[in-house]
Amino acid sequence: MIRTEELLLNVGPQHPSTHGVFRIIVKLDGEVITEAIPVMGYLHRGTEKLAEDLNFTQIIPYTDRMDYVSAMTNNYVLCHAVETMMGLEIPERAEFMRLIVMELQRVASHLVWWGTYLLDIGAMSPFLYAFRDREMIIDFFNELCGARLTYNYMRVGGVKWDAPEGWLDKVRDFVPYMEKKLDEYNNLVSGNEIFLARIKGIGQYDAQTAIDYGLSGANLRCTGVDWDLRRAEPYSLYNRFEFDVPLGKTGDCYDRYLIRLEETRQSLRILKQALEQIPSSGEVMGKVPRVIRPPAGEVYVRIESPRGEIGCHIISKGKAEPYRLKFRRPSFVNLQILPKLLVGETMTNLITILGGIDIVVGEVDA
Amino acid sequence: MGTWLDETLTWGNALIFFLWGVILLAIVLGFVTYAIYFERKVIGWMQLRIGPNRVGPLGLLQTVADILKLLIKEDTIPRKADRMLFILAPALAYVPAFAVLAVIPYTQDLYFADINVGLLYYVALSGISTIAIVIGGWSSNNKYALLGGMRSAAQMISYEVPLVISVVGVVMMTGSLNLRIIGEQQGNWFWEWNFLPQIIGFVVFIIAAVSELNRTPFDLPEAESELVAGYHVEYSGFRFAFFMLTEYVYVYAIAALTTVLFLGGWHAPAPFLDFVPGIIWFLLKFSCIVFFLFWLRATMPRIRVDQLMGFGWKVLLPLAILNVFITALYLELFIKG
Amino acid sequence: MSEERDKTAGMPSSGDTVGTAGEAPKETAGTVEGKEQSGQEQASANAEPAAPAAPSSAEASAAPVVDPEREAKLKAAAEAREARAAAKAKAESEAVPEEPKAPSPKQPILDAAVGLIRTEVAEDAVEEAYINELNGHMPVIVVKGDRWSEVAALMKNHAALGCNYLRNVTGVDCETHMEAVYHLVSLESKQDYAIKIKTDREAPSVASATPIWATANWNEREIYDLLGINFPGHPDMRRIMMPDDWVGHPLRKDYEPLDPEV
């Protein structure tokens with residue numbers, strides 16, 4: 001007697017394409033997924049609990065390790081939260097340095113996403129091209145703050161070190177080089193028939209679903225909702241610069257792909273303007289008391305990281321350590337839509353959709 | 001060689017045949033070793049990096065080191081795996097790959113077997129490797145391997161059909177299934193080679209051949225990023241080396257077949273270049289096809305399984321059949337009439 | 001004493017990492033005694049920068065016998081601390097007679113929201129409502145636990161409020177009670193609100209907002225997992241970060257870790 005059964009397949013936690021230690025229990029009927037249950041927590045390191053015993057400057061290295069691909073924005077959200085609570089003034093040069101490294105970090109993060117996404121889809125070469133360019137950005141960061149991935153660069157009140165001699169000129173030279181490379185990559189990949197057949201129409205959802213699930217970043221803008229925190233709730237110096245916010249139309253993986261590439265281009269545009277306007281000298285650390293002790297109260301600030309809205313909710317009782325520190329992590333919230341999107345898809349499309357959401361498991365688990 | 005094949009089979013002759021077989025095996029193994037090395041180098045250069053360059057001068061001993069490593073690895077067989085089938089699968093995959101090399105003619109006089117149905121022999125034997133892949137996937141007792149094996153079976157069967165039909169045009173033009181005669185009949189100028197008159201057949205053949213080889217963009221059975229190596233996920237050590245060997249020997253076989261069927265075999269592109277021996281031309285054309293396969297791997301993303309099936313049955317097969325009809329019409333109207 | 005501690009805390013030198021590494025395990029002990037011991041350790045770390053071995057409490061308690069100079073430093077630090085505390089108390093007592101603060105610009109928005117809740121849901125649904133000045137004058141409404149589902153539906157569906165985007169759900173363990181804080185924003189008017197629901201510590205329970213905003217699903221699971229707040233009405237209430245068979249809720253203030261030496 002022939003009998004068909006449902007196959008229970010474990011994707012992960014060790015798997016080349018889950019972008020970290022992340023597990024999806026998938027019920028398959030042939031090649032079609034009937035149910036997908038994500039299981040996480042393999043990388044849970046208890047950042048929020050640890051933070052209750054550390055003062056704010058000591059928490060900054062922990063933030064680096066949450067979303068390790070985009071560590072500068074994590075640094076910023078914590079420092080910005082504390083500065084908002086204490087009402088501190090940041091000197092202009094420090095704020096420019098912060099903005100420059102955040103936008104460079106956005107370019108680097110999108111390059112990692114692009115390379116690994118295409119690697120998942122099967123094309124091996126763009127991965128190496130992306131990492132070669134990212135290597136340049138990482139070298140800049142290495143010169144600036146001594147680390148390639150976990151920078152620990154920003155401090156409450158400013159940044160730790162000023163740009164070394166010639167650093168800004170190197171970044172200035174990098175921007176047109178990267179723009180040319182982006183055109184090259186677009187030519188190489190974005191029109192490829194096989195690639196388009198793999199990506200178009202996959203993982204589609206509409207604006208109402210996106211808003212319900214609290215998606216942010218490119219995942220929200222691919223449906224056409226114009227919500228970019230740099231524009232909608234400006235922070236830092238973003239309201240001084242001109243840049244476009246790319247929006248999608250159909251809400252599928254292809255739109256997310258195009259939006260992220262366009263965002264990279266817009267980041268380069270912001271960088272160009274910032275590098276022109278940065279004051280040539282100035283303090284990089286503002287007037288900060290010796291002990292950083294925010295007044296009692298709570299604050300929730302949010303910024304636009306390459307993955308979406310990252311938020312920092314601090315409840316303080318007036319001590320040097322926070323009473324409760326919670327990070328609203330974009331990958332964690334964006335991932336909620338995965339079980340819904342996967343029903344009825346094939347295994348291959350699971351990888352495509354998961355890559356399109358752009359998660360970093362360090363952030364999912366925190 | 002042809003004269004020896006015509007003699008009666010004595011012990012001496014059998015020994016000579018056996019030795020020639022061993023020599024071919026040695027050449028093929030040498031090819032595989034350096035094909036892997038060159039693949040890594042070529043793909044490295046295309047990705048703006050240098051490939052292996054440490055082991056031995058210019059990294060030439062890299063594959064030797066890799067094969068040595070695979071040989072001395074522990075032979076693990078999963079406990080719940082079907083032992084007999086697990087051990088059988090790699091050998092069953094490799095034997096047809098080597099056996100089909102018998103019918104490839106390298107020059108007018110350098111060939112191993114002169115079978116009148118050489119092409120049919122080739123196609124029939126290469127299908128046995130599909131069985132071996134399914135057996136490998138099934139006996140591993142691993143869901144990923146099973147998925148890979150099933151995908152492979154579906155893919156290979158789907159692309160076997162356009163592969164064969166695309167060659168029917170060549171057979172009709174030549175009037176024989178004998179690979180030596182097909183190679184001979186192609187003219188002395190490069191536009192008389194079969195790839196131009198049979199351009200549709202050539203394109204379909206190349207695509208179907210890449211799919212038969214399980215290479216990118218059709219490498220679903222071993223899709224690294226989805227199925228974590230697909231059907232050979234549980235194989236390690238030398239059994240894994242056998243599967244890799246099979247793949248590269250098939251690369252050799254398909255490249256040689258393409259050269260003979262479509263690119264004029266051992267003929268020079270122009271008659272005045274005749275002073276260069278035919279074997280050199282054969283090797284040059286062969287190398288170009290192998291390089292093309294490597295180039296494809298570095299460039300293309302992977303196609304999805306349902307799109308693959310759709311493409312094979314709905315696009316390649318009708319094109320191949322169309323090619324047969326056009327060839328038949330042409331032959332009827334212009335050659336026979 | 002505390003000055004030195006702050007200096008090392010502010011500078012990322014190798015001495016600092018020693019200090020923080022030494023401090024963190026001590027601080028998780030959580031008692032005042034632990035803090036004082038770590039203070040002693042800081043002094044010993046500062047006095048002997050060449051020996052960055054992880055100091056143990058035995059070492060710290062044995063040290064005063066050996067080092068009279070450190071005793072003097074400790075005393076000076078304690079005196080400085082007392083002096084500062086006295087100065088702060090004086091400043092606070094002087095600061096009391098201030099003129100009343102100007103009303104916040106977001107006060108009308110807060111009043112409108114509170115009014116809507118009072119009329120549409122129930123008169124007693126709102127326990128407290130205030131403006132959080134530190135946070136850009138965000139309106140904060142503390143809602144009564146049993147009215148939360150209706151208030152949530154109102155916040156989402158009412159045209160004037162229209163909070164279609166739930167940004168963040170935080171669980172807080174205040175030692176006397178537990179809280180859940182929901183941060184909402186309306187994408188059209190860009191107005192954000194924070195809604196708090198207080199619940200008691202013994203059997204904490206807050207009605208789930210998942211039927212209204214799907215974002216709440218995993219956020220509430222995380223709060224359940226780490227703090228133990230139950231969310232009746234949640235479609236899939238189980239642990240998300242910790243393994244399924246874990247006992248206890250790690251983020252609570254009175255949580256005893258399995259291995260306190262770590």
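Note that the structure is predicted; figures quoted are calculated from it, not measured. Labels below follow one simple rule: chain letters A, B, ... track the order of the sequence lines, proteins then strands, and each chain is numbered from 1.
- Heavy-atom distances place both the backbone and the side chain of N219(C) under 4.5 Å from chain A.
- Both the backbone and the side chain of L335(A) come within contact range of chain C, judged by heavy atoms closer than 4.5 Å.
- For a residue to count as touching a neighbouring chain, one of its non-hydrogen atoms must lie under 4.5 Å from one of that chain's; by this rule V169(C) touches chain A with the backbone only.
- The contact between F332(A) and chain C is made by backbone and side chain atoms together, counting heavy-atom distances below 4.5 Å.
- With a threshold of 4.5 angstrom between heavy atoms, V364(A) approaches chain C through N, CA, C or O but not through any side-chain atom.
- Contacts of A296(A) with chain C are made by backbone atoms alone, with heavy-atom separations under 4.5 Å and no side-chain atom involved.
- For R239(C), no part lies near chain A; criterion is any non-hydrogen pair under 4.5 Å.
- Using a 4.5 Å cut-off between heavy atoms, I60(A) does not touch chain C at all.
- Contact of E175(C) with chain A is made through backbone and side chain together, with heavy-atom distances under 4.5 Å.
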Handout entry: Residue pair E298(A), V181(C): steps toward the side-chain contact (heavy atoms from CB on, under 4.5 Å) verdict
Key = CA-CA 11 Å; E298(A) 69 179 87; V181(C) 186; 4.3 Å; yes
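- The pair R252(C)-E48(A) does not meet the salt-bridge criterion, since no charged nitrogen lies less than 4.0 angstrom from a carboxylate oxygen.
- In this structure, the portion of R329(A) lying under 4.5 Å from any heavy atom of chain C is its side chain and not its backbone.
- For a residue to count as touching a neighbouring chain, one of its non-hydrogen atoms must lie under 4.5 Å from one of that chain's; by this rule I315(A) touches chain C with the side chain only.
- Both the backbone and the side chain of K49(A) come within less than 4.5 Å of a heavy atom of chain C.
- Contacts between S216(A) and chain C at a heavy-atom distance below 4.5 Å involve backbone atoms as well as side-chain atoms.
- For chain C, no part of I314(A) is nearby; none of its heavy atoms comes within less than 4.5 Å.
- E233(A) has no carboxylate O lying under 4.0 Å from a charged side-chain N of K190(C), or vice versa, which leaves the two without a salt bridge.
- Heavy atoms of L226(C) lying under 4.5 Å from chain A belong exclusively to its side chain.
- Ring orientation note: the planes of Y300(A) and H183(C) are close to parallel, at an angle under 30° on the 30°/60° scale.
- For chain A, the nearby part of N132(C) is the side chain; its heavy atoms alone come within less than 4.5 Å.
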